[in-house]
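Here is the structure we will look at, set down as C-alpha cells.
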2 protein chains.
Amino acid sequence: MKGNIVVGQSGGPTAVINSSVAGVYAQAKKLGVNKVYGMVHGIEGFLEDQLCDLDEYLSDPAGIERLKRTPSAFLGSCRFKMPKIEGNEEIYEKIFSIMEKHDIECLFYCGGNDSMDTVKMLSDYAAAHGKSQRFVGVPKTIDNDLPITDHCPGYGSAAKYIATSMKEIIRDNESFGAKKPTIVIVEIMGRNAGWLTAAAALSKDDDCAGPDAIFLPERDFDMDKFMAKVKELAVSKSSVVIAVSEGVHDANGTYVCEMGREVAVDAFGHKQMSGTAAMLAEKIAAEIGYKTRAIEFSTLQRAAAHIASLTDINEAFQVGADAVKAAERGETAMMITLDRNGDDPYQCGTSAHDIHDIANVERKVPDEWITADGMGLNENYEKYARPLIMGELIPLFINGVPGHLVRK
Amino acid sequence: MKGNIVVGQSGGPTAVINSSVAGVYAQAKKLGVNKVYGMVHGIEGFLEDQLCDLDEYLSDPAGIERLKRTPSAFLGSCRFKMPKIEGNEEIYEKIFSIMEKHDIECLFYCGGNDSMDTVKMLSDYAAAHGKSQRFVGVPKTIDNDLPITDHCPGYGSAAKYIATSMKEIIRDNESFGAKKPTIVIVEIMGRNAGWLTAAAALSKDDDCAGPDAIFLPERDFDMDKFMAKVKELAVSKSSVVIAVSEGVHDANGTYVCEMGREVAVDAFGHKQMSGTAAMLAEKIAAEIGYKTRAIEFSTLQRAAAHIASLTDINEAFQVGADAVKAAERGETAMMITLDRNGDDPYQCGTSAHDIHDIANVERKVPDEWITADGMGLNENYEKYARPLIMGELIPLFINGVPGHLVRK
C-alpha cells in the first residue's frame with residue numbers, strides 16, 4: 001500500500017475491539033504503511049478531522065500487549081448513522097476530502113450492524129463517484145448478530161464473563177439451604193437476538209447445574225408459563241436462578257421491560273432496554289411471595305476485559321490484520337468473516353465477504369438450538385459456543401487492578 | 001488436641017470464606033486432629049446433626065487449592081440468630097450434645113457480626129455451665145465492619161472486584177464522546193458502613209480518573225447537594241460515574257432506596273437494600289434530562305472469586321489456621337484478628353481477641369478518611385486499602401470457566 005490508512009471504532013464497546021485495532025496496526029506496519037491513523041470517536045470525530053497517529057501508542061510491542069488488555073473503545077466510539085446519499089452528498093464529500101488531505105487510501109471500521117452500514121454507504125458512494133479509496137469492515141459486537149460470519153469478535157469474551165458470573169451467582173444463591181426459596185432473575189443484554197443470554201448455559205459443568213431456565217427473545221414470552229415455571233422449580237429447589245434477555249417480549253411484541261412503564265429511545269431509534277429482571281422479580285415477590293433478587297450485568301458484560309477469552313482476543317486481532325490484507329489485495333466493500341472449519345479441535349479461518357449481504361441483517365439463535373420447551377439451549381449451542389470462550393490472557397495488574405492503555 | 005473439631009460458615013458468603021475452612025483443616029491435620037467436620041449450613045444445620053467429614057474433600061492438596069478458588073460457602077451458610085440463653089437452654093444443650101456425640105472439642109465459626117454473636121453466646125453458655133468445649137471465631141465479611149481487627153477477610157477480594165469493575169464501567173462510559181453527558185450511578189453493598197463503596201476509589205490510577213463522586217452512609221445524604229454535584233460534573237464531563245452505597249440515607253435516617261417504595265426485612269430484622277442507584281438515575285433523567293444508567297454489583301461483589309485478592313485468600317487461610325492454634329493453646333471465646341504492622345511494605349500478623357469486645361459492634365469508615373466535601377476518600381483510605389487488593393490467584397479454568405469444589 002502506498003498511502004496511509006485509518007481505523008475507527010463504532011457502536012457499543014467490547015472487551016476486544018481494541019485487539020482489532022492492534023491487528024490493523026500490526027499488519028499495516030508489516031506491509032510498510034507509513035501512517036496508521038485512528039479516528040477519535042469514529043466517523044463522527046473523523047468528520048471533524050479528529051485523528052491520532054497510532055505510532056504514538058503502538059510502535060512499542062508493550063503498547064500492543066497493553067491495548068489487547070484494554071476494554072472499551074481506545075479510540076473512542078460513536079453512534080452516528082450515515083444519512084442516505086441523495087441530498088447529503090456534502091457529508092460524503094467531506095469524508096473523502098479528509099481522507100485525501102491525509103493521503104488515506106483505506107478506511108477500516110470496527111463495529112456491528114449499524115457500523116457495517118457505514119462501510120456499505122461509503123463504498124457505495126466511492127463506487128458511484130469514481131473514488132479510489134477502499135473500505136473494509138471489521139466485525140465487532142457482543143451481540144453476535146452479524147450474518148455470514150460464524151461468530152463475531154467480542155461475543156466470546158462477553159460469553160465468558162456471563163458464564164463465569166452466572167456460575168458465581170448460582171454458587172452464591174445456593175449457599176443458603178433456606179426452607180423458603182430465593183429466586184434470582186439475571187438480565188442479560190441482547191435486544192432482538194438471544195446470543196448473550198444463551199451464554200448463561202455455559203456455566204453448566206460437572207460442578208454447576210447452570211441456570212434453571214433461560215428465556216431468549218427468539219421465543220415469545222408468556223407470563224403465565226414463566227410464573228408456572230418459577231412455581232414448579234421452587235417446589236424442588238431452594239435456589240432458583242433464571243436468565244432472561246433484556247429483549248424478551250410477548251406475542252404482541254410488547255417488551256417485558258415496557259410492561260407498566262415508559263421506555264427511552266436512542267440515536268438509532270432503538271428502545272433502551274433495562275428493568276426486565278426487576279419487573280419479573282417484583283412480580284414473583286408480589287404474586288407468589290418468594291424472596292427474589294434481580295441482577296443486571298449491564299455494561300460489565302461488554303467491558304470485562306479482565307476475564308476476556310484468549311480465543312476471542314486472538315480472533316479480534318486476526319480480523320483486524322486480515323482486513324488490511326484484503327485492502328492490500330485491492331478489495332473494498334467487504335467485511336472480514338470468521339469461517340469455522342472444525343469444532344473439535346476448534347479451527348477457524350477468515351475470508352472477505354461482500355458488505356451488501358451483511359449490513360442491516362440480524363442473525364438470531366437458530367430454532368434448532370433451543371430446547372423444545374423454549375426455556376433452554378441444547379448441545380448444538382454448547383458445541384458452537386464453548387470453543388469461543390476458551391483461553392485467558394492474564395491482565396497486566398498494576399497496584400492490584402488491571403492496567404489499560406489510554407489516549408493522551 | 002485430643003478430640004475432633006468442627007468448622008461452620010455463616011452469613012453472607014464471600015470469595016474467600018472457603019480459604020478459612022481450608023486453613024482450619026490444614027492446621028488441624030498438622031496438629032494430628034482425627035476428624036475435621038464441616039457444619040452443613042452453619043449452626044442451623046448443626047442443630048439437625050448435618051455434618052460432613054472434610055477428609056473426603058481436602059485430604060488431597062489439589063482439593064485445598066480448588067477450595068481456595070471456590071467462592072460462596074462450600075459448607076453451606078445460614079442466617080440463624082442464637083436466642084437468648086434464658087428460656088432457650090434446650091437449644092444450647094442440643095448443640096453441646098451433638099458436639100459430645102461426635103467428640104468435638106472445638107467449634108470454629110467463620111462469619112461477621114451476627115456470627116460472632118453466636119460464638120459469644122455459645123462460649124458464655126459453656127462458661128456458665130462448666131462445659132469444656134472451646135469456641136473461636138474466624139472473621140469473615142465483605143462489609144469490613146468488625147471492630148478490633150485491622151480488616152476482615154473477604155473485604156480485599158470484594159474491593160478488588162469493585163475497583164476492577166468500576167474501572168471497566170468508567171472505560172465503557174467514556175468511550176462515547178457524546179455532546180450530551182451520560183450519568184452512571186453504581187450501587188455498592190454496605191448497609192451502615194461505607195467500606196465497600198469506598199473501594200470504588202481504588203479504580204483511580206495513572207490510567208483512570210476513578211469515580212467522579214462517592215457517597216457513603218457515613219455522611220447524611222442530601223438530595224439537593226447530590227443533584228447539584230451531578231449538574232456541576234456534567235458541565236465539564238461527557239462521562240460521569242458516581243458510586244453510591246446501598247445504605248445512603250438522609251439526616252432523618254430514611255434510606256434513599258426507601259424513598260417512594262416499601263422495603264422488605266430479613267431474618268435479622270435488617271432492611272433489604274437495593275434500588276438506590278435506580279432511584280437516583282430515574283430522578284436525574286426526570287429532573288435534568290440527562291441520559292442515565294443504574295448499575296448494581298449485587299451478589300457478584302461477594303462471589304467473584306475469579307478476581308479475588310491473593311493477599312485476602314492468604315489471610316483468610318491464615319485466620320483459619322490461627323484459630324486452630326488458639327484453640328490448641330486452650331483459648332476460647334475469642335476471635336482471630338488481623339493486626340497490621342506496616343503499610344509499605346505491608347505486613348500483617350494475627351492475634352486472638354476476646355469475642356465480647358467484638359460481637360455486635362460495627363466499625364465504620366473513619367471520619368478523617370473522608371474528603372471535606374463528603375463525596376470522596378483521601379490518601380489515608382488508599383494507604384489502608386491498597387495493600388489488601390494486591391496479588392492474584394489464577395483460577396483453575398475448566399472448559400473456559402473457573403472450576404469450583406462442591407459438596408457431593
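Chain A is the first sequence line, chain B the second, and so forth, proteins listed ahead of strands; every chain is numbered from 1.
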- Task: Quick one: closest heavy-atom pair of Pro71(B) and Glu168(A), and the distance?
- Result: CG-CG, 4.2 Å
- Message: Can you confirm whether Phe397(B) sits close enough to Ile307(A) that some side-chain heavy atom of one is under 4.5 Å from a side-chain heavy atom of the other?
- Response: yes
- Query: Can you say whether Asp205(A) sits under 4.5 Å from chain B via the side chain, the backbone, both, or neither, judging by heavy atoms?
  - Reply: side chain
- Side chain to side chain, His41(A) and Phe176(B), heavy atoms closer than 4.5 Å: no
- Output for pair (Ser72(B) OG, Ile170(A) CD1), nearest 0.5 Å, gives 11.5 Å
- Query: For Thr311(A), is it the side chain, the backbone, both, or neither that has a heavy atom closer than 4.5 Å to a heavy atom of chain B?
  - Reply: neither
- Message: Under a 4.5 Å cutoff for heavy-atom pairs, which residue among Pro13(A), Gly156(A), Ser175(A), Cys208(A) has the most contacts with chain B?
- Response: Ser175(A)
- Message: If I measure from the heavy atoms of chain B, does Ile398(A) come under 4.5 Å with its side chain, its backbone, both, or neither?
- Response: both
- If you count heavy-atom pairs under 4.5 Å between each of Gln9(A), Lys167(A), Met390(A) and chain B, which one has the most? Lys167(A)
- Query: Can a salt bridge be assigned to the pair Arg407(B) and Asp207(A) using a cut-off of 4.0 Å between side-chain N and carboxylate O?
  - Reply: no
- Message: What I'd like to find out is whether the side chain of Ile389(B) reaches to under 4.5 Å of the side chain of Val401(A), using heavy atoms alone.
- Response: yes
- Got a second to check how far Asp172(A)'s CG is from Thr14(B)'s OG1, nearest 0.5 Å? 10.0 Å
- Item | Within-4.5 Å side-chain heavy-atom neighbours: Glu296(B) and Glu296(A) | no
- Task: Name the region of Phe74(A), side chain, backbone, both or neither, that has any atom closer than 4.5 Å to a heavy atom of chain B.
- Result: neither
- Where is the tightest heavy-atom contact between Arg386(B) and Asn399(A), given as atom of each residue plus distance? NH1-O, 2.9 Å
- Query: Any side-chain heavy atom of Thr299(B) within less than 4.5 Å of one from Arg293(A)?
  - Reply: yes
